Amino acid sequence: MLDRKFIVENAQLVQKNCENRGVGADVARFVELEADRKTRQVEVEQLNRRANEVSKSIGQAKDAQQREARKAEGREIREQVARLNAELDAIEAEQTFIQGTIPNMSHPDAPVGVDDKANLEIARGKSEPREFDFPPLDHVELGERLDLFDFEAGARVAGAGFYFLKNDAVLLELALQQFAVRTLLAEGFTPMTTPDLARNDVLQGTGFIPRGPETQIYSIENSDLSLIATAEIPLGGLLAGQTIDADDLPLKFCGTSHCFRTEAGAAGRATRGLYRVHQFTKIEMFAFTLPEGSEAMLEHLRAMECRLFDDLEIPFRVVDTATGDLGGPAYRKYDLEAWMPGRGEYGEVTSTSNCTDYQARRLNARYKIKGEKGTHFVHTLNGTAIAISRGLIAVLENHQQADGSVVVPEVLRAAVGKDRIEPVAHGSKQ
RNA sequence: GGAGAGGUGGCUGAGUGGUCGAAAGCGCGGGUUUGCUAAACCCGUGGCCCUUUACGGGGCCCGCAGGUUCGAAUCCUGUCCUCUCCGCCA
């Protein structure tokens with residue numbers, strides 16, 4: 001969320017930003033409530049002060065009668081305070097609601113536009129999309145020939161959108177994880193595995209909405225836990241409520257987790273295969289920085305994403321995400337879109353965002369500079385290293401051969417244990 | 001799952017109804033002394049918010065949320081977390 005003072009002092013800018021992002025938030029109402037809140041806050045504090053004085057005077061009362069009189073006075077003041085506080089609570093609840101609907105401010109260079117059509121291509125990867133001298137298959141067909149997936153069994157067990165990986169797809173998943181984690185480890189990221197569930201206040205702190213008709217989140221009945229949609233959630237929660245030393249920043253983590261998404265409202269959109277599924281494994285980068293360090297960190301995360309996909313010899317483009325497509329917490333976001341021959345188009349494989357202090361404020365993650373008074377909010381950033389499901393699509397479709405085999409990218413060979421994934425001979429299928 | 005113990009400032013730890021935002025020690029910052037370092041001694045040292053040009057003043061915060069009371073770190077309820085023992089278990 002944005003700082004209340006900032007919203008009040010920059011109401012016009014905030015309003016304009018909401019429009020650029022296609023969000024209808026009642027900024028004017030918030031400003032109005034803030035004035036109201038302050039007045040009442042001051043009243044409450046004055047009453048508290050008097051009540052405190054009265055309480056202290058009771059010990060010095062000279063007789064029982066005076067004591068009783070002061071008790072009555074104290075009681076009356078506390079009743080007034082209770083009434084005022086109830087009003088204050090109502091005002092604050094409405095403010096918090098509005099505050100939650102106001103997205104982060106946008107980087108001045110982020111392209112302005114209502115949706116992803118306004119996204120701006122800013123770079124391409126080292127690999128060119130291949131010219132196939134045969135009709136390329138999509139990953140579902142490749143997977144069938146190579147016996148890599150079982151979507152029917154996934155549906156039987158957990159419903160449409162779930163799947164089993166099998167045979168070399170499992171080795172590929174492990175290899176992709178190894179590759180990503182090792183690359184990031186060498187760059188100073190601390191590897192972590194995370195809980196696959198998180199408390200709803202952590203979800204909210206990172207800008208996810210655990211319940212409601214539009215939610216992307218599976219929630220656990222009779223608890224305040226939800227399945228995470230990304231390791232960004234638990235990694236962001238790592239510093240929730242903490243104040244850390246400025247000297248310890250930046251902190252860079254790479255988290256391995258499973259990601260669960262209901263994909264509400266996405267029915268019928270690219271539902272074939274692994275592209276849009278309810279569960280996948282993902283290696284995620286996450287960083288906490290000083291405010292002045294977050295822009296450079298975003299470039300670093302983007303560079304890491306590019307490097308990983310270049311090393312996998314997958315063609316991609318990088319887009320600077322338009323304001324309308326940034327979501328709530330991001331100040332600026334880059335997506336990597338890999339070329340997917342089976343679809344004949346680019347498909348999003350990674351996304352990296354600078355959320356500035358937007359998540360940190362709600363998570364209450366702060367830093368302190370030694371010798372200085374007070375604390376400040378850290379900046380948070382996240383970026384996909386590799387989402388296995390979409391990573392598999394890109395690897396399989398781009399490295400397929402005329403004979404139906406798939407060449408394993410150099411960087412994965414040691415972990416997969418072979419150079420090439422061959423079609424399974426008929427009859428040897430298990 | 002059952003039984004018990006406990007959550008206090010950066011840390012250790014005192015505090016069981018008022019003068020407690022909180023003893024003491026450690027740590028940290030500053031100073032005195034000192035050839036340098038160290039020791040000793042002295043002073044200072046939490047966060048959030050409101051107000052003030054400044055000096056200052058005020059409110060809230062003892063895991064979290066409620067309750068009792070004129071008054072709660074202290075009593076009551078709920079909740080989260082930690083530890084110990086028993087059971088179960090990968």
Side-chain angles (χ1 to χ4, degrees), chain A residues 1-9 30-96 99 193-205 210 219-226 233-234 237-249 251 258 288 291 357-378:
Chain A
M1 60 173 85
L2 292 181
D3 178 50
R4 28 167 36 114
K5 211 184 287 176
F6 178 87
I7 297 170
V8 170
E9 286 167 6
F30 183 91
V31 173
E32 189 184 304
L33 286 168
E34 180 66 4
D36 214 10
R37 187 187 70 84
K38 261 195 190 166
T39 323
R40 272 156 225 262
Q41 185 68 52
V42 170
E43 280 178 62
V44 166
E45 283 179 13
Q46 280 167 353
L47 285 172
N48 273 337
R49 179 185 183 173
R50 266 183 53 210
N52 288 341
E53 283 165 3
V54 169
S55 290
K56 278 180 188 158
S57 77
I58 285 176
Q60 290 134 33
K62 49 180 192 279
D63 56 47
Q65 197 188 357
Q66 193 182 44
R67 193 187 314 274
E68 285 313 310
R70 286 189 182 164
K71 277 194 190 181
E73 192 186 345
R75 205 175 297 132
E76 199 182 306
I77 294 169
R78 296 287 174 185
E79 273 162 21
Q80 277 185 61
V81 169
R83 270 198 300 277
L84 267 174
N85 263 332
E87 289 173 26
L88 246 179
D89 286 349
I91 291 168
E92 280 177 2
E94 192 181 345
Q95 273 193 305
T96 304
Q99 213 175 354
T193 66
T194 78
D196 285 341
L197 279 76
R199 288 183 200 290
N200 289 335
D201 56 349
V202 175
L203 284 263
Q204 273 154 356
S219 51
I220 307 291
E221 205 178 1
N222 300 324
S223 79
D224 71 334
L225 291 170
S226 297
I233 293 167
L238 217 53
L239 290 188
Q242 305 290 303
T243 301
I244 71 159
D245 204 304
D247 294 342
D248 294 334
L249 293 172
L251 290 171
H258 295 112
F288 297 97
D357 59 4
Y358 189 88
Q359 292 177 320
R361 184 167 293 107
R362 186 140 44 170
L363 287 167
N364 193 24
R366 298 161 176 272
Y367 70 90
K368 182 173 173 58
I369 298 170
K370 253 193 221 134
E372 283 188 17
K373 246 186 129 53
T375 58
H376 315 273
F377 292 111
V378 300

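Fair warning: this is a prediction, and the values are worked out from it, not measured in the lab. Residue numbers begin at 1 in each chain, while the letters A, B, ... track the order of the sequences.
- Salt-bridge check for A/R83 with A/E87: failed, with every basic side-chain N at 4.0 Å or more from each acidic carboxylate O.
- In the set B/C70, B/G58, B/G47, B/C70 carries the atom at the smallest distance from any side-chain atom of A/K71.
- Proximity of residues 30-43 of chain A to RNA chain B (heavy atom under 4.0 angstrom from any strand atom) is restricted to A/V42.
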Exercise. How far apart are the C-alpha atoms of A/L363 and A/L239, what are their side-chain angles, what is the distance that settles it, and do they pass the side-chain contact (heavy atoms from CB on, under 4.5 Å) test?
Worked result: CA-CA 8 Å; A/L363 287 167; A/L239 290 188; over 6 Å; no
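- Checking B/G21 for Watson-Crick or G-U wobble geometry (two distances, each under 3.5 Å) identifies no partner in any strand.
- Between A/R49 and B/G59 there is no side-chain N or O to OP1 or OP2 distance below 4.0 Å.
- If you take atom C1' in B/A14 and the same atom in B/G9, they sit 13 Å apart, rounded to whole Å.
- The gap from the P atom of B/C11 to that of B/G63 amounts to 13 Å, rounded to the nearest Å.
- Shown here are the ring pair (Phe, Tyr, Trp, His ring centres under 6.0 Å) partners of A/Y358, two or more places apart in sequence or in another chain: there are none.
- B/U12 and B/G27 are spaced 11 Å apart, taking the C1' atom of each and rounding to whole Å.
- If you check B/C70, B/G47, B/C81 against the side chain of A/R199, the one that comes closest is B/C81.
- Using N1 to N3 plus N6-O4 or O6-N4 for Watson-Crick, or N1-O2 and O6-N3 for G-U wobble, each under 3.5 Å, B/A90 pairs with nothing.
- A sub-4.0 Å separation between OP1 or OP2 of B/C60 and a side-chain N or O of A/N52 is present.
- A sub-4.0 Å separation between OP1 or OP2 of B/G10 and a side-chain N or O of A/K370 is absent.
- Pairing for B/U16 is absent, judged as Watson-Crick or G-U wobble with the two contacts each under 3.5 Å.
- Shown here, B/U34 forms no base pair; nothing in the strands shown gives a Watson-Crick or G-U wobble contact with both key distances under 3.5 Å.
- Spacing between B/G17 and B/C85 at atom C1', rounded to whole Å, works out to 35 Å.
- Nucleotide B/G78 is matched to B/C64 when pairs are restricted to Watson-Crick or G-U wobble geometry with both distances under 3.5 angstrom.
- Separation of the C1' atoms belonging to B/G31 and B/A39 is 16 Å when rounded to the nearest angstrom.
- Every residue two or more places apart in sequence or in another chain was checked for a ring pair (Phe, Tyr, Trp, His ring centres under 6.0 Å) with A/F30, and none qualifies.
- Only the P atoms considered, B/A23 is 34 Å distant from B/U79, to the nearest whole Å.
- The residue among A/G74 and A/K368 whose nearest nucleotide of RNA chain B lies closer to the 5′ end is A/K368.
- A straight line from CG of A/N48 to C1' of B/C49 spans 13 Å, rounded to a whole angstrom.
- Using a cutoff of 4.0 Å between basic side-chain nitrogens and carboxylate oxygens, A/R37 and A/E34 are scored as salt-bridged.
- Across all strands, A/T243 comes closer than 4.0 Å to no nucleic acid atom at all (heavy-atom distances).
- The backbone N or O of A/G205 lies less than 3.5 Å from no partner atom in the side chain of A/Q359, so there is not a single donor-acceptor pair.
- Pair assignment for B/U45: B/G27, on the basis of Watson-Crick or G-U wobble contacts that are both within less than 3.5 Å.
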Exercise. Taking it one step at a time, do A/K368 and A/I244 satisfy side-chain contact (heavy atoms from CB on, under 4.5 Å)?
Worked result: CA-CA 6 Å; A/K368 182 173 173 58; A/I244 71 159; over 6 Å; no
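- Going from the C1' atom of B/G47 to that of B/G21 covers 11 Å, rounded to whole Å.
- Residues A/R366 and A/R50 each lie close to RNA chain B; by heavy-atom proximity, the contact nearer the 5' end of the strand is made by A/R366.
- In this structure, A/R78 reaches the B/G71 phosphate: one of its side-chain N or O atoms is under 4.0 Å from OP1 or OP2.
- Per the geometry, OH belonging to A/Y367 stands 16 Å off C1' belonging to B/C48, to the nearest Å.
- Rounded to an integer number of Å, the gap from CD1 of A/I77 to P of B/G58 is 17 Å.
- With a 3.5 Å ceiling on both atom-pair distances, the Watson-Crick or G-U wobble partner of B/C85 is B/G2.
- Using P as the reference atom, B/C61 and B/U52 are 24 Å apart when rounded to the nearest Å.
- A/L47 has its CG atom 17 Å from the P atom of B/C70, to the nearest Å.
- For the atom pair CG (A/L84) and CD (A/Q41), the distance works out to 10.0 Å, reported to the nearest 0.5 Å.
- Among B/G18, B/G59, B/G47, the nucleotide with an atom closest to any side-chain atom of A/I58 is B/G18.
- Judged by Watson-Crick or G-U wobble contacts below 3.5 Å, the nucleotide B/A73 has no partner.
- Remark: side-chain polar atoms of A/R50 are not paired, donor with acceptor, to backbone N or O of A/I77 under 3.5 angstrom.
- In this model, the phosphate group of B/C70 is not approached by any side-chain N or O of A/S57 to a distance below 4.0 Å at OP1 or OP2.
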